[in-house]
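Have a look at the structure below, then the notes.
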Number of protein chains: 2
Amino acid sequence: MLSNTSKYAIRAMIYLALHTPSVKKIGIKQISGELDLPAPFLAKILQVLAKNKLLNSSKGPNGGFSLAKDASKITLYEIIRVIDGNDIFDQCLISMRTCYEEGTPCPMHFRYESVRNEIKKMFQEQNLGGLAEDIKSQEKIFAL
Amino acid sequence: MLSNTSKYAIRAMIYLALHTPSVKKIGIKQISGELDLPAPFLAKILQVLAKNKLLNSSKGPNGGFSLAKDASKITLYEIIRVIDGNDIFDQCLISMRTCYEEGTPCPMHFRYESVRNEIKKMFQEQNLGGLAEDIKSQEKIFAL
DNA sequence: TTATAAAAAGATTTGAATATCCGAATTCAT
DNA sequence: ATGAATTCGGATATTCAAATCTTTTTATAA
């Protein structure tokens with residue numbers, strides 16, 4: 001469903017939301033260390049998120065990343081679209097060429113459409129603020 | 001969501017269902033030609049489906065593949081499980097290690113669970129017989 | 001019984017996603 | 001100013017799914 005890249009992006013963004021706004025900036029090393037993700041790869045991903053205005057980044061000592069807007073205003077849908085593009089939200093389930101033409105939908109087309117809409121809605125409804133809240137209210141210590 | 005391999009498998013199985021039971025066996029060349037899929041790759045896939053009792057295969061002249069049971073008795077769920085395994089039906093949406101342990105579900109866990117169940121239900125409810133019927137009832141000529 | 005047509009099986013290649021590396025640019029603190 | 005810490009950007013390496021190739025096995029038909 002989601003690429004590794006998207007998954008990492010989401011987890012990193014949630015991590016940032018968890019520590020926002022008390023801390024302003026967090027560096028790659030800390031994030032990748034806490035989430036147990038490969039640092040150089042995560043760096044690339046955050047770079048893309050920054051270029052797409054979901055993150056602010058600053059270089060130099062005490063540099064790092066911070067959410068570019070209020071955590072409650074960033075949805076998983078935005079993150080996924082930036083990283084993976086729109087494919088999961090509009091591609092034919094079984095990759096039939098003619099499914100995109102008029103009058104020849106694939107046999108799963110309409111049945112899948114409602115599921116696809118559910119998926120899209122799920123991602124659109126989840127924002128980093130809410131997810132961070134959920135984590136904070138959990139009993140056990142949370143290891144992202 | 002689905003691997004190419006699964007998509008090809010599904011399309012080939014639907015193709016067989018469309019021509020069953022009037023024709024008994026169909027060869028790789030015909031299927032790959034009609035569906036515009038790479039023949040050697042499709043051969044591998046059908047091999048796996050045959051090994052897992054979803055297809056019958058016979059070698060030699062006039063050999064080929066046929067559905068191992070009535071089209072209405074083969075669901076997409078079975079096909080996907082044979083090819084891709086169970087991952088899409090049980091993996092954590094964001095691949096969090098702790099999501100499989102007690103008390104530390106990922107923040108998307110419960111929200112995703114219902115969507116995942118929808119997906120599973122969709123695949124379990126679709127059988128090759130029904131899909132083939134749908135195609136036959138379409139107005140335009142259908143190019144799988 | 002032999003030639004042929006097909007699938008099976010295994011080895012290899014390709015390509016895209018994933019991951020790493022390194023030099024450049026930027027910022028901060030001294 | 002200088003050095004150190006950090007992200008940036010481009011190039012490179014690795015891995016795995018996807019695709020191909022080659023040889024073997026089996027079945028059919030002449």
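Within a 6.0 Å sphere centred on NZ of K69(B), other residues, nucleotides and ligands contribute more than 12 heavy atoms.
If you check every strand for non-hydrogen atoms under 4.0 Å, P38(B) touches sugar and phosphate atoms only. Residue K7(B) is out of contact with every strand shown, counting any heavy-atom pair closer than 4.0 Å. Using a 4.0 Å heavy-atom criterion, one finds that L46(B) contacts no nucleic acid atom at all.
In this structure, the CD atom of Q47(A) is 14 Å from the C1' atom of dC21(C), given to the nearest Å.
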Please list, pair by pair, any protein nitrogen or oxygen found under 3.5 Å from a nitrogen or oxygen in nucleotides 23-30 of chain D.
none

Enumerate donor-acceptor pairs with a distance under 3.5 Å from any side-chain N or O in residues 55-65 of chain A to protein atoms, sequence neighbours excluded.
from	atom 1	to	atom 2	distance (Å)
S58(A)	OG	K25(A)	NZ	3.3

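In the set dA19(C), dA9(C), dA7(C), dA19(C) carries the atom at the smallest distance from any side-chain atom of F41(A). Which of dC21(C), dC8(D), dT7(D) sits closest to the side chain of I28(A) comes down to dT7(D).
Close to dA6(C), at under 4.0 Å from its OP1 or OP2, lies a side-chain N or O of K29(B). For the pair Y8(A) and dT18(C), the criterion of a side-chain N or O lying under 4.0 Å from OP1 or OP2 is not met. Contact annotation: S57(B) side-chain N/O to dA6(C) OP1/OP2 distance is not under 4.0 Å. For dA18(D), the OP1/OP2 oxygens have a side-chain nitrogen or oxygen of T5(B) closer than 4.0 Å.
Taking CZ from R116(B) and CZ from F110(B), the interatomic distance works out to 11.0 Å, rounded to the nearest 0.5 Å.
Of the residues K121(A), Q124(A), Q126(A), the one that meets the side-chain contact (heavy atoms from CB on, under 4.5 Å) test with Y77(A) is Q124(A).
Checked by atom type and distance alone, the side chain of N86(B) never pairs as donor or acceptor with a backbone atom of F89(B) at under 3.5 Å.
Here the closest heavy-atom approach between residue L131(A) and residue M108(B) is recorded as CD2-SD, 3.8 Å.
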Side chain to side chain donor-acceptor pair (under 3.5 Å) between R11(A) and Y15(A), worked out: CA-CA 6 Å; R11(A) 288 169 60 192; Y15(A) 182 85; over 6 Å; no
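On a pure distance criterion of 3.5 Å, no polar donor-acceptor pair joins the side chain of K44(A) and the base of dA19(C).
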